A.B. asks: 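Dropping the structure in here first, questions after.
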Amino acid sequence: MANIQSPSRRLDALFREFDNLAAENRNALDGTDKKLSIAFGVAATLIAAGLWRSEPVFFLIVPYLILAIAFFAAVQLGQIVLLGAQLAVVEKRINQELGGQKVMSYFSVTVLKVCDAPTLIVPGTKRKQLTFNALYTASAAVVLLAAVGFSIFKGLPALIVKGWAPTGFYFVGVCVAFAVVAFVIARAAMGKRLLIAVIEQALDASANETLEPPAPTTSGTSD
């Protein structure tokens, strides 16, 4: 006879899953904030060292370090987006278990439609306004890109002395690294709705799968 879980047991399992995903999401967010803080600190330290010692080499390190940290932060952003999509789906399943009531809506409504949105409409004035996340992201990008541009400008004399070939390789490397980081960030930032749809489709397909009957076992006794 098939063992069908009771609604209360299914609900308890969903709440445990939600708590575990929420804890992972907090840890991932904390790690991303630390990486961004490191990026600012490293850029400021290397630029200050270059200005103090008048060494263009210090400036040339800044773009690659910032892009490396940004790449790992972007990869972690992808993990955060995946966790957010999973949390939104779990919330929907919990609401379904509670009779269709929209009891839990933080990740499926607040985060998805407010925190992740670049703009929001002010209820009183009906005007669009940039969200804090959009302002923070744009400000961080401007500051880091300014640090990269300033570092390349100050380090260019050291590259020219080495010759045009090393200079070309340096700029090609910076451009490729920047393109990779931009691609990863774009895919991570714009993929939550797609991931929610994919997860829901996979769950529906899994629920519709028929269980294969167990293989017959040979008995040790004979008739």
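As the structure is a computational prediction, the values presented were derived from the model and not from experiment. Below, all heavy atoms of this structure are taken into account, side chains as well, without hydrogens, waters or symmetry copies.
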A.B. asks: Search all heavy atoms of Leu14 against all heavy atoms of Val90 and return the closest pair with its distance.
C.D. replies: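 Scanning both residues completely, I find the closest heavy atoms to be O-CG1, 3.6 Å.
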
A.B. asks: Please check if the number of heavy atoms outside Phe169 that lie under 6.0 Å from its CZ is greater than 12.
C.D. replies: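 Open: at most 12 neighbouring heavy atoms sit under 6.0 Å from CZ of Phe169.
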
A.B. asks: Please assess Leu83 against Phe107 for the test side-chain contact (heavy atoms from CB on, under 4.5 Å), listing each intermediate value before the final yes or no.
C.D. replies: CA-CA 10 Å; Leu83 290 169; Phe107 283 94; over 6 Å; no

A.B. asks: What pair of heavy atoms forms the shortest contact from Ile66 to Ala147, and how long is it?
C.D. replies: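 Heavy atoms only, the tightest pair is CD1-CB, 4.1 Å.
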
A.B. asks: For Arg16, does its backbone N or O pair with a side-chain atom of Asn20 as donor and acceptor, under 3.5 Å?
C.D. replies: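 The answer is yes, because a donor-acceptor pair under 3.5 Å joins these two groups.
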
A.B. asks: Taking the side chain as everything from C-beta on, heavy atoms only, tell me whether Leu87 gets closer than 4.5 Å to Glu91.
C.D. replies: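 They are not in contact (no side-chain heavy atoms under 4.5 Å apart), so the answer is no.
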
A.B. asks: Could you tell me whether the side chain of Asn95 and the main chain of Val103 form a donor-acceptor pair under 3.5 Å?
C.D. replies: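 Yes: the side chain of Asn95 pairs with the backbone of Val103.
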
A.B. asks: Work out which heavy atom in Ala85 is nearest to a heavy atom in Lys192; give both atom names and the distance.
C.D. replies: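 Answer, listing the atom of Ala85 first, then Lys192: CB-O, 4.0 Å.
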
A.B. asks: Flag the pair Leu77 / Phe72 as yes when at least one side-chain heavy-atom distance between them is below 4.5 Å, and no otherwise.
C.D. replies: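 They are not in side-chain contact.
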
A.B. asks: Would you say Thr167's side chain and Leu159's backbone share a donor-acceptor pair under 3.5 angstrom?
C.D. replies: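 Such a contact is found between Thr167 side chain and Leu159 backbone.
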
A.B. asks: Taking the side chain as everything from C-beta on, heavy atoms only, tell me whether Leu112 gets closer than 4.5 Å to Ile196.
C.D. replies: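 When only atoms from C-beta onward are counted, Ile196 and Leu112 do touch, with a gap below 4.5 Å.
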
A.B. asks: Side chains of Leu203 and Arg93: does their closest heavy-atom pair fall under 4.5 Å?
C.D. replies: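 Side chain of Leu203 against side chain of Arg93, heavy atoms only: contact under 4.5 Å found.
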
A.B. asks: Donor-acceptor pair, distance only, cut-off 3.5 Å: does the side chain of Tyr64 make one with the backbone of Val174?
C.D. replies: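 The answer is yes, because a donor-acceptor pair under 3.5 Å joins these two groups.
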
A.B. asks: Tell me every residue that passes side chain to side chain donor-acceptor pair (under 3.5 Å) with Lys154, counting only those two or more places apart in sequence or in another chain.
C.D. replies: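 Listed in chain order: nothing, the list is empty.
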
A.B. asks: With a 4.5 Å heavy-atom cut-off, do Phe59 and Phe150 have their side chains touching?
C.D. replies: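 With C-beta onward as the side chain, the pair touches.
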
A.B. asks: Tell me, do Leu145 and Phe178 make a side-chain contact under 4.5 Å, heavy atoms counted?
C.D. replies: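 Yes. Closest side-chain heavy atoms under 4.5 Å.
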
A.B. asks: So which atom in Ala70 and which in Val181 form the shortest heavy-atom distance, rounded to 0.1 Å?
C.D. replies: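 Where Ala70 meets Val181 most closely, the heavy atoms are CB-CG1, 3.9 Å.
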
A.B. asks: Could you tell me whether the side chain of Leu135 reaches within less than 4.5 Å of the side chain of Thr131, counting heavy atoms only?
C.D. replies: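 No; the side chains remain at least 4.5 Å from each other.
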
A.B. asks: Does the side chain of Tyr170 reach to within under 4.5 Å of the side chain of Pro63, using non-hydrogen atoms?
C.D. replies: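 In contact.
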
